[in-house]
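Here's the structure, in structure tokens; my notes come after.
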Amino acid sequence: MKLTYLSHSCFTLETSTHRLIIDPFLTGNPLAQTKPEDVACDFILVTHGHEDHLGDAVAIARRTGATIVSNYETAMFCAGQGVKAHPMQIGGARQFPFGRLKLTIAHHSSSNSTPQGFAYLGNPAGMLITADGKTVYHAGDTGLFLDMKLIGELNKIDVALLPIGDNFTMGPEDAARAVEFLNARLAVPMHYNTFDVIEVDPQRFADSARHGVRIMKIGESIEI
Ligand code: NI
Ligand code: MN
């Protein structure tokens with residue numbers, strides 16, 4: 001399966017049968033080099049409702065017919081805008097046409113603004129995506145938590161996508177500890193340098209982690 005970094009927490013995954021995009025924040029993202037109208041996908045995975053994650057999900061779903069998969073409230077928020085959405089909840093797994101998806105905990109919040117004010121959009125999540133015999137863990141936005149050890153025990157994680165930008169999520173040293181807890185074969189930093197408040201040198205993460213870290217360039221792809 002092919003993993004491509006589009007900046008912030010947005011990645012695409014191309015399995016042998018399907019195209020996925022995770023947290024498609026492209027419009028308003030100063031680092032993004034991809035336009036939402038150029039995204040081709042079958043499924044859109046959204047970790048939580050914040051605009052830097054939900055982003056262009058509804059517009060992409062509307063144009064492509066892709067299904068949005070997220071927590072119940074975020075999925076219903078999208079479905080209410082006339083697109084296909086599948087709700088899940090933390091701890092639940094499901095076999096999709098592309099493979100298996102399981103939602104994990106994430107210590108964070110989840111909301112989005114509407115003309116009526118803030119809508120609270122359920123619990124934020126991480127996502128374990130298993131396809132073509134490989135498992136990718138996208139942590140979403142989260143602080144460090146000890147249950148990452150359990151996630152690592154129960155799953156053989158090939159690639160862990162971890163936020164390192166600090167302030168809203170783990171910083172580089174906590175993320176390095178997460179790599180250890182998860183026992184991930186490879187870790188890729190995300191959610192940094194998009195805005196001043198999350199400016200971090202990813203080398204700090206690479207230097208702190210014991211396991212392999214791959215700092216992906218924006219637009220770069222790796223084969224998992
Ligand atoms: Ni967030
Ligand atoms: Mn975020």
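Just so you know, ligand 1 is whichever comes first in the structure, and atom 1 is the first atom listed for that ligand. In this text the structure is predicted, and so the values were computed from the model without any measurement.
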### Sub-2.8 Å protein N, O or S atoms surrounding the Ni ion (ligand 1)
His48 NE2, His50 ND1, His108 NE2, Asp141 OD2
### Message
Would you compute the distance between atom OG of Ser113 and atom CZ of Phe118 and round it to the nearest 0.5 angstrom?
### Response
5.5 Å
### N/O/S atom of His50 inside 2.8 Å of the Mn ion (ligand 2), strictly under
no
#### Entry: Electrostatic pair Arg214:Glu220 at N-O distance under 4.0 angstrom
yes
### Query
In Asp141, the N, O or S atom nearest to the Mn ion (ligand 2) is which?
OD2
### Electrostatic pair Arg204:Glu173 at N-O distance under 4.0 angstrom
yes
### Task
Report yes if the distance between the aromatic ring centroids of His191 and His53 is under 6.0 Å, otherwise no.
yes
### Query
Is the Mn ion (ligand 2) under 2.8 Å from any N, O or S atom of His8?
no
### Task
May I ask you to check whether Phe96 and His86 place their ring centres under 6.0 Å from each other?
yes
### Query
Can you give the angle Asp52 OD2 - the Mn ion (ligand 2) - His191 NE2, rounded to 10°?
90°
### Task
Output the distance between atom CE (Met1) and atom CD1 (Ile224), rounded to the nearest 0.5 Å.
4.5 Å
#### Entry: Other residues, nucleotides, ligands: >12 heavy atoms within 6.0 Å of Phe181 CZ
yes
### Task
Verify whether the ring centers belonging to His8 and Phe195 lie closer than 6.0 Å.
yes
